[in-house]
Amino acid sequence: MKKPGPWLGLSLILVLLVSGCAPRSDLPYVQLSNLHPLPAAAAGEVVPLRVAVAAVISPKGTAESYQPLLGYLSRKLDRPVELVQRRTYAEVNDLIERGEVDMAFVCTSAYVIGRRDFGMELLVAPQVNGETVYYSWLIVPAGSSAREMADLRGKTFAFTDPWSSTGRMYPTSLVKALGETPETFFGRTLFTYSHDDAIRAVANGVADGAAVDSLVYQFAVAREPWLSEQTKVIHRSPPFGIPPVVTSPHLRPQVRANLQTILLEMANDPDGRRALQALDVDRFVLIDDTAYDSVRTLESQVGPLVLK
Amino acid sequence: MSALTDRLPGLSPPARRLFDRFWAAAGAVSVRTKILGIVLGLVLMLGAGVTLQVRTTLRNALSHELHNRGVSITRDVAARSVDLILVHDLYGVYQLLQDTLTNNEDVRYAFIVSPQGEVLAHTFGDGFPLELVGVNAVESAERYHLQKIITEEGAIWDFAVPIFDGRAGVARVGLSEQAMQTTLGNVTRQLLITTIVVSLVGVAAAMFLTWLITRPVLDLVDVTRAVARGDLSQTAPHWADDEIGLLSDSFNAMIGDLATARAESEAFNAELLRRNRELAVLNEVAQAVSRQQDLDEMLDNALRRVLDLMNLEAGWILLLEANGTRPRIVCSVNIPAEVARREERGGFPHCQCGKLIEERRPLFITPLDETCPVYGLCLADRRVVSGHVAVPLISKSQVLGTLNIACANPKCLSDEDLQLLGAIGRQLGVAVENARLWEEVRQKEAARGQLLEKIITAQEEERKRIARELHDGASQSLTSLMVGLKVLEGLHSPAEVRQHLSNLRDVAAETLETVHDMALELRPSVLDDVGLVAALDRYVAEYQRRFDVRVDSRAIGFEGRRLPPAIETTLYRIVQEALTNVVRHSGAQHASVLLEWTSRHVRAIVEDNGCGFDVSSARQERKLGLYGMEERATLIGGSLRIESQIGVGTTIVVDVPVIEALARGRT
Ligand SMILES: Nc1ncnc2c1ncn2[C@@H]1O[C@H](COP(=O)(O)OP(=O)(O)OP(=O)(O)O)[C@@H](O)[C@H]1O
Ligand SMILES: [Mg+2]
């Protein structure tokens with residue numbers, strides 16, 4: 001009989017190994033292979049008012065900005081309000097056309113197309129800084145030597161999205177005026193699908209220039225001051241009709257009237273004013289379709305607008 | 001073993017019992033097994049300890065890492081899915097989840113739950129494990145929530161992270177522990193394999209070590225066994241300069257000491273045996289010598305004993321006679337008669353062995369000269385004598401004879417044997433001397449008897465002579481004086497009386513001279529009156545007047561002092577007798593008398609140039625003159641030497657030591 005050393009050591013190791021593998025019975029048990037089809041979403045008892053916003057700025061930012069307004073509407077209507085965001089104007093226009101959203105904040109060109117294609121209805125228009133127009137601003141990085149569109153030849157240019165009047169149509173018209181097309185004029189073009197990202201692309205130097213919604217630019221610069229330090233505006237367009245608030249042609253007229261009233265009255269209500277402030281909007285005002293003729297003129301210059 | 005525990009104070013009795021039991025088991029096995037056990041035990045314990053430690057640390061680290069990764073992945077999913085969810089890009093969400101799943105091995109599943117609790121997208125494919133939705137929840141204010149769950153695939157860490165503060169729902173990602181467990185298992189296995197390999201190496205090393213340690217020890221044990229058997233030639237090998245090497249060295253030193261001690265004791269024993277034999281031989285010889293017997297018989301006996309005890313065959317004893325005559329073979333063993341005769345006639349002391357007279361020690365003479373009497377002598381079984389051992393018989397540093405041994409083998413006697421023979425020679429020498437002295441005493445005794453007889457006869461004759469002398473001389477003179485006185489009575493005439501008185505006076509003077517002569521003869525009173533030198537001078541003068549011999553007389557050292565009367569008388573008588581012999585026997589014309597008194601002795605020398613005589617045969621005749629002289633000299637402690645050569649003359653020397661002379665004088 002030898003010293004107990006080896007056997008002690010071996011048994012110690014065994015105990016360790018066994019204890020390392022022991023199941024912990026206090027934890028919940030889930031059978032991962034027990035798969036079921038997901039249940040269909042239960043239809044809500046109360047149908048919410050569905051408000052669509054095209055992701056002009058980022059979806060998260062949009063959700064944050066529109067939250068007070070949606071809350072206000074919900075309280076005024078005494079009905080849940082659901083924000084529906086989609087990546088493109090085409091998707092939003094689709095939802096509106098099919099009546100899957102009741103109300104929508106769309107861009108100017110999307111309204112022009114929606115009006116022409118399926119009778120999208122103007123509800124109100126936001127008044128910003130006392131105006132119901134906006135501009136396309138040509139921006140370049142703060143250190144850029146460019147002073148006009150002609151200086152951007154061969155450079156990288158960021159478009160917001162293909163249907164944006166301020167983000168694509170206006171700069172295209174400027175290029176055309178120089179007797180070129182964007183494809184030949186710019187070294188490279190890219191779509192950011194949101195004005196925020198276009199500003200950021202310029203501020204970060206990813207793009208040498210971009211044309212953005214003047215409202216969005218002001219709004220973004222107000223929230224993120226560093227953007228103004230990194231970018232500068234070199235050209236301002238003539239005014240365009242402001243992106244309006246529209247309703248689906250399928251929306252019931254009482255609801256539509258009700259909504260119009262609430263939105264128009266908002267500025268008279270402190271609650272409403274706070275919601276308006278979140279959107280940097282003075283008030284909602286009625287607007288006539290003719291305010292968008294300038295866009296229609298632009299369209300005639302750069303080619304017909306098509307939403308894919 | 002209890003002795004070991006006794007040396008460990010402070011052990012409680014149970015611990016002591018436990019230790020005793022352990023020691024009973026561990027102490028009973030060999031050193032090899034002990035070292036093996038210790039090494040194996042240590043390596044295994046170390047391996048187990050390290051494995052345990054590493055496993056625990058690794059598990060903690062991996063858990064921490066898994067946790068962090070889970071949180072990070074889920075938060076990433078949540079962040080990246082916000083916009084997709086908000087714009088209702090479910091395919092984009094699905095893509096995101098799928099990417100997350102494929103890019104992270106640990107991720108078992110990922111899904112998004114809407115604020116309404118609907119599963120918006122997931123990675124399970126067809127169908128969804130519905131229980132999973134409810135196991136984990138997260139508050140919109142929380143960063144994340146971790147819930148560990150158990151599945152049929154093992155433990156899964158389910159992370160829940162709110163999307164857009166919960167407004168866009170909750171991102172859920174499940175990370176499997178599998179990879180972590182696999183890593184843990186791998187590492188543990190590696191460590192265990194390493195431990196086993198190290199154990200094997202340890203066992204090999206321990207076996208080598210024990211071999212290294214036990215080999216010299218076992219060698220040492222072999223050597224101790226050999227030493228125990230009495231084989232002192234073995235030495236323990238010195239393998240290394242370590243403790244065992246030291247032990248080997250000291251052990252070897254001990255063996256060396258043992259060997260030396262044994263050699264010494266053997267030498268001592270051999271010496272003891274030799275001494276014993278010597279003593280035996282000496283004892284035998286002494287016994288032979290001590291028996292009262294004839295000298296020749298005694299020597300023969302001794303020779304035979306010596307040959308016997310020393311395993312020798314042939315030998316003889318030869319004596320040199322005191323009167324210087326030719327040597328005589330007293331006895332011999334296995335020596336042919338003609339060889340003995342040759343030896344007597346022409347051998348000793350002219351042969352090689354003669355030099356022992358000067359050297360006074362036993363000689364082993366080999367090879368032998370052809371002239372040697374025993375040269376070529378055949379011993380029993382045809383062995384030829386090749387060596388001659390001659391041993392002097394010595395007494396009072398005088399060689400009295402030789403003991404001889406003839407042997408065939410030049411190595412028949414060792415140095416020790418020669419020494420022993422030397423001792424025997426001395427013993428025999430003493431015995432010979434004793435025998436001779438004894439003979440002398442016997443002869444002297446006989447002479448003394450004759451002398452006494454002669455003295456008595458001489459006294460009678462002297463008386464007769466004195467009587468005759470008195471009768472013929474003094475009494476006749478006195479008778480004629482008486483007659484004359486009577487005649488004188490009858491005379492009347494003064495002339496006649498005067499004439500007559502004158503005649504009477506002449507007669508009386510004549511008578512007086514006769515008486516005076518007689519007295520002188522009887523007792524030399526001159527000695528008393530004038531001393532030895534003057535008395536001898538007168539005697540010599542008278543001697544020369546009477547006889548026709550011229551005598552020179554001289555005295556040295558006597559000036560102004562006298563010897564004791566007994567010494568003077570003795571010397572006077574000896575000189576008187578010597579001179580009488582000169583005139584009676586030598587026929588010399590010239591003689592001399594010399595008296596000498598030195599610080600050491602008193603000496604009288606009487607020399608003549610006469611015919612000389614053979615002293616020893618004269619002694620044999622036992623005449624009283626010479627004998628009386630010796631007697632007289634001996635009586636006063638002196639000695640007499642007679643040297644005579646035929647046709648040349650005779651010298652008589654009396655020697656009296658002064659100490660003796662004065663001592664005698666005092667008494
Ligand atoms: N001086 C001498 N010269 C020669 N022969 C001597 C002499 N002295 C002694 N002798 C010899 O020694 C012998 C012994 O002498 P020693 O004197 O004993 O006896 P002695 O003279 O014959 O008789 P006495 O007994 O009367 O002396 C003598 O007979 C003589 O032959
Ligand atoms: Mg004489």
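Atoms considered below: every heavy atom in the structure, side chains included; atoms not considered: hydrogens, waters and symmetry mates.
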In terms of heavy-atom proximity below 4.5 Å to chain A, should B:Val119 be classed as side chain, backbone, both, or neither? both
Would you say the side chain of A:Thr62 lies within less than 4.5 Å of the side chain of B:Val87, judging by non-hydrogen atoms? no
Tell me, yes or no, whether the heavy-atom count around B:Asn60 atom CG, taken from other residues, nucleotides or ligands under 6.0 Å, exceeds 12. yes
Do B:His122 and A:Leu38 come close enough that some side-chain heavy atom pair is under 4.5 Å? yes
As an exercise, state the distance from CG of A:Leu32 to CD of B:Glu153, rounded to the nearest 0.5 Å. 5.0 Å
Donor-acceptor pair, B:Glu152 side chain versus A:Ser33 backbone, under 3.5 Å? yes
Rounded to the nearest 0.5 Å, what separates atom CG in A:Asn34 from atom OG1 in B:Thr151? 12.5 Å
Heavy-atom contact with chain A under 4.5 Å, split by part of B:Leu46: neither
Got B:Ile149 and A:Tyr29 here, is their nearest side-chain heavy-atom distance under 4.5 Å? no
With rounding to the nearest 0.5 angstrom, report the CD to NE2 distance, A:Gln85 to B:His88. 12.0 Å
Non-neighbouring partners of B:Gln95 that pass side chain to side chain donor-acceptor pair (under 3.5 Å), sequence neighbours left out: B:Tyr91
Residue by residue, scan residues 126-134 of chain B and write down, ordered by number, those that have a heavy-atom distance under 4.5 Å to chain A; if none do, write 'none'. B:Asp126, B:Gly127, B:Phe128, B:Pro129, B:Leu130, B:Glu131, B:Leu132
Would you find more than 12 non-hydrogen atoms of other residues, nucleotides or ligands less than 6.0 Å from A:Glu100 atom CD? yes
Distance, nearest 0.5 Å, that separates CG of B:Asp165 from CD of A:Glu64: 8.0 Å
B:Gln98 atom CD, neighbour heavy-atom count above 12 within 6.0 Å: yes
So does B:Tyr94 have more than 12 non-hydrogen atoms from other groups sitting under 6.0 Å from OH? no
Shortest non-hydrogen contact between B:Gln147 and A:Leu27, atoms and distance: NE2-CD2, 4.2 Å
Least distance between heavy atoms, B:Leu86 atom then A:Ala63 atom: CD1-CB, 4.0 Å
